[in-house]
Q: 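Below you will find the structure I want to go over with you.
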Amino acid sequence: MTDFFGWTRREFMKSGALALAGVGMRSPHAMSAPADALDPSTLTPFVDALPVPRVMKPTGTRAHPEQAGLQIPYYRMAMHEVRQKVHRDLAPTGMWSFEGSFPGTDH
């Protein structure tokens with residue numbers, strides 16, 4: 001059976017497989033890290049104190065989804081993108097936080 005372009009299904013599958021194989025074969029330079037990539041061996045480990053997350057307080061209570069009559073704490077937290085330093089020798093980086101707290105909150 002041939003299609004609009006005059007290819008058989010087998011010819012189409014062969015050409016598709018060859019095209020995909022070609023995509024996987026890149027030059028060694030394409031696989032290397034960018035020039036400005038961070039070398040982790042240049043950072044002194046364990047120099048920054050670990051941040052302690054603050055404890056969230058529930059904003060109310062709600063019904064337990066499986067146990068009728070039982071009320072459980074309800075938390076409402078806003079998620080924000082923040083700039084945070086994760087090492088003394090690095091510039092701040094973008095990440096997500098809950099209520100502006102990094103590494104997040106504890107409840």
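One is the number of the first residue; the rest follow in order along the sequence.
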Q: Answer with yes or no whether the hydrophobic clustering places L90 together with M95; edges join I, L, V, M, F, W, Y residues whose side-chain heavy atoms lie under 4.5 Å apart.
A: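 Shared cluster, yes.
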
Q: Does anything in residues 41-52 pair up under side chain to side chain donor-acceptor pair (under 3.5 Å), and if so which pairs, sequence neighbours excluded?
A: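 Listed once each, the pairs are D39-S41.
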
Q: Of K57, M56, R62, which meets side-chain contact (heavy atoms from CB on, under 4.5 Å) against Y75?
A: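 When side-chain contact (heavy atoms from CB on, under 4.5 Å) is applied between Y75 and each of K57, M56, R62, only M56 qualifies.
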
Q: Under the side chain to side chain donor-acceptor pair (under 3.5 Å) test, which residues partner Q84, sequence neighbours left out?
A: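 For Q84 there are no side chain to side chain donor-acceptor pair (under 3.5 Å) partners, ignoring immediate neighbours.
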
Q: Identify the heavy atoms of K85 and R88 that sit nearest to each other, and give their distance.
A: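 Minimum heavy-atom separation between K85 and R88: NZ-O, 3.4 Å.
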
Q: Enumerate donor-acceptor pairs with a distance under 3.5 Å from any side-chain N or O in residues 76-83 to protein atoms, sequence neighbours excluded.
A:
unit_1 : atom_1 : unit_2 : atom_2 : d
R76    : NH1    : Y74    : OH     : 3.4
R83    : NH2    : P92    : O      : 2.8

